[in-house]
Amino acid sequence: MGGWRWLALLALLAGACAQAQPPLRAAGPTQTVAIDTQRSLLGFEIRTRYGQRLTGRFPVFSGQVQTLADGRHQVSLVIDARSAEVSGHRRYTGWLRGAEFFDVQHHPQILFSSQPHPADTALAGGDVEGELILRGIRGPIRMRVMPAQCDAPGYDCPVSGRGTVSRTVYGMDGWQLALGDRVTFVMQVRLSGVDPS
């Protein structure tokens, strides 16, 4: 068979192999580490129209960090909105749990899921895009992760970050004259176990 015919045959085979390749899929999880809820902190901040900053926390939550096959990380959180509290302010706590804000009777959970991001974000810091489901409404959130204060973030020191959303986007439009529109979610996350590296 002439050389040009060999080349034509090889080209046909290469094309057939290319068509036979399965489509690319997102890398699946290869390792999952639980968030240590006893040593982690999830909270929120709201500013009043008078410049006062109200700070609160979610004492009850669960979460995990998945390491995907391509080495990137993905974080997910399930937050019990019914546990939301503003320390030392029973009235504010009751209002935040009420229908005009978190509406915990109808929406007891707040869900967060990050997009896959580089593993070194926990060490070097940076922005992590994610999705927040609050009061049954799905919306984007960008968490700004702070550079770590240790070489093994999540184990020897917390991974700290914060992200801000508009509360009116999620139907939390009560008390407009008293409170600003922004709700900032804050986190200081530690992981269970010991640093595998």
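Any value given below was found using the heavy atoms of this structure, including those in side chains, with hydrogens, waters and symmetry copies removed.
- Taking CG of Leu191 as the reference point, atom OG of Ser40 lies at 7.0 Å (rounded to 0.5 Å).
- The side-chain heavy atoms of Met146 and Arg144, taken from C-beta on, include a pair separated by under 4.5 Å.
- Asp151 has its side chain out of reach of Asp156: every pair of non-hydrogen atoms, C-beta onward, lies at least 4.5 Å apart.
- Of all the heavy atoms in Gly136 and His107, the pair that sits closest is N-ND1, 3.6 Å.
- Every residue was checked against the side chain to side chain contact (heavy atoms under 4.5 Å, CB included) condition with Ser87, not counting sequence neighbours, and none meets it.
- Counting heavy atoms from C-beta outward, Phe58 and Leu77 have side chains that stay 4.5 Å or more apart.
- The structure places CZ of Arg53 at 12.0 Å from CD1 of Ile46, a figure rounded to the nearest 0.5 Å.
- One finds the CG atom of Asp173 at 7.5 Å from the CZ atom of Arg167 (value rounded to the nearest 0.5 Å).
- Shortest non-hydrogen contact noted between Thr67 and Gly71 is CG2-O, 4.3 Å.
- For Glu129, the side-chain hydrogen bond (donor to acceptor under 3.5 Å, both in side chains) test picks out Arg142, with sequence neighbours left out.
- Residues forming a side-chain hydrogen bond (donor to acceptor under 3.5 Å, both in side chains) with Arg90 (at least two apart in sequence, or on another chain): none.
- Judged as a side-chain hydrogen bond (donor to acceptor under 3.5 Å, both in side chains), and not counting sequence neighbours, His117 has no contacts.
- Take Arg39 and apply the salt bridge (charged side-chain N to carboxylate O under 4.0 Å, His left out) test, not counting sequence neighbours, and it matches Asp36.
- Other residues, nucleotides and ligands contribute more than 12 heavy atoms inside 6.0 Å of the CD atom of Gln52.
- The side chain to side chain contact (heavy atoms under 4.5 Å, CB included) search around Arg91 returns Trp175, not counting sequence neighbours.
- Partners of Asp120 by salt bridge (charged side-chain N to carboxylate O under 4.0 Å, His left out), not counting sequence neighbours: none found.
- Scanning all heavy atoms of the two residues, the minimum distance from Gln74 to Ser113 falls at NE2-OG, 4.2 Å.
- The side chain to side chain contact (heavy atoms under 4.5 Å, CB included) test applied to Val104 returns Ala81, Arg82, Arg97, Phe102, not counting sequence neighbours.
- Shown here are the salt bridge (charged side-chain N to carboxylate O under 4.0 Å, His left out) partners of Glu100, two or more places apart in sequence or in another chain: there are none.
- Using a 4.5 Å cut-off between side-chain heavy atoms of Ile, Leu, Val, Met, Phe, Trp and Tyr, with links allowed through other members, Ile137 and Val165 fall into the same hydrophobic cluster.
- We find the OG-CD1 distance between Ser76 and Ile35 to be 7.0 Å, quoted to the nearest 0.5 Å.
- Leu41 and Ile79 fall into different hydrophobic clusters, where Ile, Leu, Val, Met, Phe, Trp and Tyr residues are linked whenever their side-chain heavy atoms come under 4.5 Å apart, directly or through other members.
- In this structure, the side chains of Thr121 and His73 stay at 4.5 Å or more apart for every pair of heavy atoms.
- Atom NE2 of His89 sits about 7.5 Å away from atom OG1 of Thr55, to the nearest 0.5 Å.
- Taking Ile, Leu, Val, Met, Phe, Trp and Tyr as hydrophobic and joining them when side-chain heavy atoms fall under 4.5 Å apart, one finds Ile133 in a cluster with Val78, Leu111.
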For residues 178-188, please give each side-chain donor-acceptor pair under 3.5 Å, one per line with the distance, not counting sequence neighbours.
from   : atom 1 : to     : atom 2 : distance (Å)
Asp181 : OD1    : Ser166 : OG     : 3.3
Asp181 : OD1    : Thr168 : N      : 3.3
Asp181 : OD1    : Thr168 : OG1    : 3.1
Asp181 : OD2    : Ser166 : OG     : 2.5
Thr184 : OG1    : Thr164 : OG1    : 2.8

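- A continuous path of hydrophobic side-chain contacts links Trp95 to Phe44 [ILVMFWY only; heavy atoms under 4.5 Å].
- Scored by the salt bridge (charged side-chain N to carboxylate O under 4.0 Å, His left out) test, Arg135 finds no partners at all (sequence neighbours excluded).
- Within the 3.5 Å criterion, the main-chain N or O of Thr32 finds no donor-acceptor partner in the side chain of Gln66.
- Between Ala122 and Val159, the shortest heavy-atom contact is CB-CG2, 4.0 Å.
- Under the 4.5 Å side-chain heavy-atom criterion for Ile, Leu, Val, Met, Phe, Trp and Tyr, Leu134 and Leu54 are members of the same hydrophobic cluster.
- Between the OG atom in Ser192 and the CZ atom in Arg190 there is a gap of 11.5 Å [rounded to 0.5 Å].
- When the options Val145, Val65, Val75, Ile141 are evaluated for a side chain to side chain contact (heavy atoms under 4.5 Å, CB included) with Ser114, the one that passes is Val75.
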